[in-house]
Amino acid sequence: MRITVNHGLCDGLGQCALVAPEVFSLDDDERLVVAPDPAPELAGRVAAAARACPVRAIAVEGA
């Protein structure tokens, strides 16, 4: 699965981190951090996290 974040769109609201905290988190500057190489069994949660993003800053391929 390939996760792409448009950091120019991301507002750091953290909705993705609420849905899939194993994959998404916010650093101290509220910048989105994505775990490298998330487990394939998390694909459904990653896709749900991308849908939860209010500004559509996350794109997921292969989920």
Subject >> Co-membership, hydrophobic cluster, residues Leu13 and Val46, 4.5 Å side-chain >> reply: no
Original post:
Does one hydrophobic cluster hold both Ile58 and Leu42, with members joined at side-chain heavy-atom distances below 4.5 Å?
Top reply: yes
Value rounded to 0.5 Å, distance of [atom1] in [X] from [atom2] in [Y]:
| X | Y | atom1 | atom2 | result |
| --- | --- | --- | --- | --- |
| Glu22 | Glu41 | CD | CD | 10.0 Å |
| Leu32 | Asn6 | CG | CG | 11.0 Å |
| Leu18 | Phe24 | CG | CZ | 12.0 Å |

Nearest non-hydrogen partners of [X] and [Y], listed with the distance:
| X | Y | value |
| --- | --- | --- |
| Ala49 | Ala20 | CB-CB, 4.1 Å |
| Ala17 | Ser25 | CB-CA, 4.2 Å |
| Leu26 | Gly14 | CD1-CA, 3.9 Å |
| Pro54 | Gln15 | CD-CG, 4.0 Å |

Original post:
Quick one: are Pro38 and Met1 in side-chain contact, heavy atoms under 4.5 Å?
Top reply: yes
**OP:** Not counting sequence neighbours, list each pair that qualifies as a salt bridge (charged side-chain N to carboxylate O under 4.0 Å, His left out) and has a residue in residues 54-63.
**Re:** Arg2-Glu61
Original post:
So which pairs with a foot in residues 5-20 pass salt bridge (charged side-chain N to carboxylate O under 4.0 Å, His left out), sequence neighbours left out?
Top reply: none
Original post:
Who pairs with Glu30 by side chain to side chain donor-acceptor pair (under 3.5 Å), at least two apart in sequence or on another chain?
Top reply: none
Original post:
Counting only heavy atoms not in Asp27, do more than 12 sit closer than 6.0 Å to its CG atom?
Top reply: yes
Subject >> Sidechain-backbone polar pair: Asp29 side chain, Arg31 backbone, donor-acceptor under 3.5 Å >> reply: no
